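Values below: every heavy atom of this structure, side chains too, minus hydrogens, waters and symmetry copies. Just so it is clear, the structure is predicted and the values come from calculations on it, not from any experiment.
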Amino acid sequence: MFSWNLLGILLWVIAILYFIFIIQNIRKRRITMIIKKHQKFSWTNFLIDLLEVAVFLVGIIWLFNKTMLDNPDLEDKSVISSKITYQPLVMNTGSGNSSYVTINSKKKKISTQTYTYYRAGRKAQVSSDFATVAYGKSPLDLNASRIPYQKSQLKKMDRKYQRAYVATYTATYKRVWQNGLGLHAGHTATQYYLIRIPDASFIKEK
């Protein structure tokens, strides 16, 4: 099956070949200028060098942004497909108070919290960069609002699981040429975990 990511690979190959061409072309024109025209500097030659390098830099920056810094619109259905799965939480009844989620915080200048929870007998651990803990009346908090969860569906899950579940949002790059440019076609764009609990008393901190 043809992969649109080959389009992105082809663009990187072209960029590398163009870089090699620039080096050889600059060297060739400079040698010609010195030997045939007996000149060490030419404005025409300098401007051509500048133009070639500028085209390369613009192209490589564009490719780098497409490949490494891509930030897709999660609501753009033409390039992103998404799904949300819901799983009930299992209460941890170990030492101390019973809890649905344990928050691990490292006391550092730059740090992130880690959330640990149980579902269907399995332990899961996620970073706060890609997860949030929501409790109280609203199933959505400020952090999760940037993810296209459907509040009406979350409220249904509130009733079904008594506000104790994890809603996992997964966005995938569609297999289209636009995503192929950045080598993303068919890959996961992001995964986010909304950990829903009844209230703050079900949180254990370490």
Ile195 vs Tyr115, test: side-chain contact (heavy atoms from CB on, under 4.5 Å). Steps then yes/no.
CA-CA 9 Å; Ile195 305 169; Tyr115 303 140; 3.8 Å; yes

Within this structure, what is the CH2-CG distance for the pair Trp177 and Leu6, rounded to the nearest 0.5 Å?
16.0 Å

Is the closest side-chain donor-acceptor distance between Tyr173 and Asp70 under 3.5 Å?
yes

Please state whether the rings of Trp43 and Phe46 are parallel, tilted or perpendicular, taking 30° and 60° as the class boundaries.
perpendicular

Where Met91 and Phe202 come nearest, the two heavy atoms and their spacing:
CE-CE2, 3.4 Å

Going hydrophobic residue to hydrophobic residue with side-chain gaps under 4.5 angstrom, can you get from Phe56 over to Leu51?
yes

Output, in order, the C-alpha distance, side-chain angles, deciding distance and verdict of side-chain contact (heavy atoms from CB on, under 4.5 Å) for Lys174 and Asn179.
CA-CA 7 Å; Lys174 287 185 175 181; Asn179 292 330; 4.1 Å; yes

Shortest non-hydrogen contact from Lys66 to Gln178?
NZ-O, 4.4 Å

Same cluster (ILVMFWY, side-chain, under 4.5 Å), Val55 and Leu57
yes

What's the separation between atom OG in Ser42 and atom CD1 in Ile34, rounded to the nearest 0.5 Å?
11.5 Å

Does one hydrophobic cluster hold both Tyr86 and Leu194, with members joined at side-chain heavy-atom distances below 4.5 Å?
yes

Would you kindly confirm whether Val126 and Tyr100 end up in one hydrophobic cluster when ILVMFWY residues are joined by side chain heavy atoms under 4.5 Å apart?
yes

For Val166 versus Arg119, what's the shortest heavy-atom pair and its separation?
CG1-CD, 4.1 Å

Minimum side-chain heavy-atom gap Leu181-Trp4 below 4.5 Å
no

Could you tabulate the donor-acceptor pairs under 3.5 Å formed by side-chain atoms of residues 11-26, not counting sequence neighbours?
unit_1 : atom_1 : unit_2 : atom_2 : d
Trp12  : NE1    : Thr67  : OG1    : 3.3
Tyr18  : OH     : Glu52  : O      : 3.2
Asn25  : OD1    : Arg29  : NE     : 2.8
Asn25  : OD1    : Arg29  : NH2    : 3.2

Backbone N/O of Met33 and side chain of Asn45: donor-acceptor pair under 3.5 Å
no

When every non-hydrogen atom of Ala167 is compared with those of Leu154, the smallest separation belongs to CB-CD2, 4.1 Å

Without hydrogens or angle criteria, can the side chains of Gln125 and Thr116 be said to hold a donor-acceptor pair below 3.5 Å?
yes

Between the CG atom in Leu69 and the CD1 atom in Ile61, the distance rounded to the nearest 0.5 Å is 11.0 Å

Would Tyr117 and Asn92 satisfy side chain to side chain donor-acceptor pair (under 3.5 Å), going step by step from the backbone distance to the final call?
CA-CA 8 Å; Tyr117 61 91; Asn92 180 16; over 6 Å; no

Quick check: closest heavy atoms across Leu183 and Ile9, and the distance to 0.1 Å?
CD2-N, 3.4 Å

ILVMFWY network linking Tyr193 to Leu74, side-chain heavy atoms under 4.5 angstrom:
no

Rounded to the nearest 0.5 Å, what separates atom OG in Ser82 from atom CD in Glu75?
9.0 Å

So which atom in Ile80 and which in Ala171 form the shortest heavy-atom distance, rounded to 0.1 Å?
CG2-CB, 4.0 Å

Enter the distance from Ile203:CD1 to Ile103:CD1 here, rounded to the nearest 0.5 Å.
4.5 Å

Which distance, rounded to the nearest 0.5 Å, do you find between the CE of Met157 and the CD1 of Ile84?
10.0 Å

Under 3.5 Å donor-acceptor pairs involving side-chain atoms of residues 129-139, not counting sequence neighbours:
unit_1 : atom_1 : unit_2 : atom_2 : d
Thr132 : OG1    : Asp141 : OD1    : 3.4
Thr132 : OG1    : Asp141 : OD2    : 2.4
Ser138 : OG     : Leu140 : N      : 3.3
Ser138 : OG     : Leu140 : O      : 3.0

Chi angles and distances behind the side-chain contact (heavy atoms from CB on, under 4.5 Å) call for Thr170, Thr168:
CA-CA 6 Å; Thr170 304; Thr168 306; 4.1 Å; yes

Decide yes or no for Val101 and Tyr118: does some side-chain heavy atom of the first lie under 4.5 Å from some side-chain heavy atom of the second?
no

Decide yes or no on side-chain contact (heavy atoms from CB on, under 4.5 Å) for Asp199 and Arg163, but give the supporting numbers first.
CA-CA 9 Å; Asp199 58 66; Arg163 299 182 185 177; over 6 Å; no

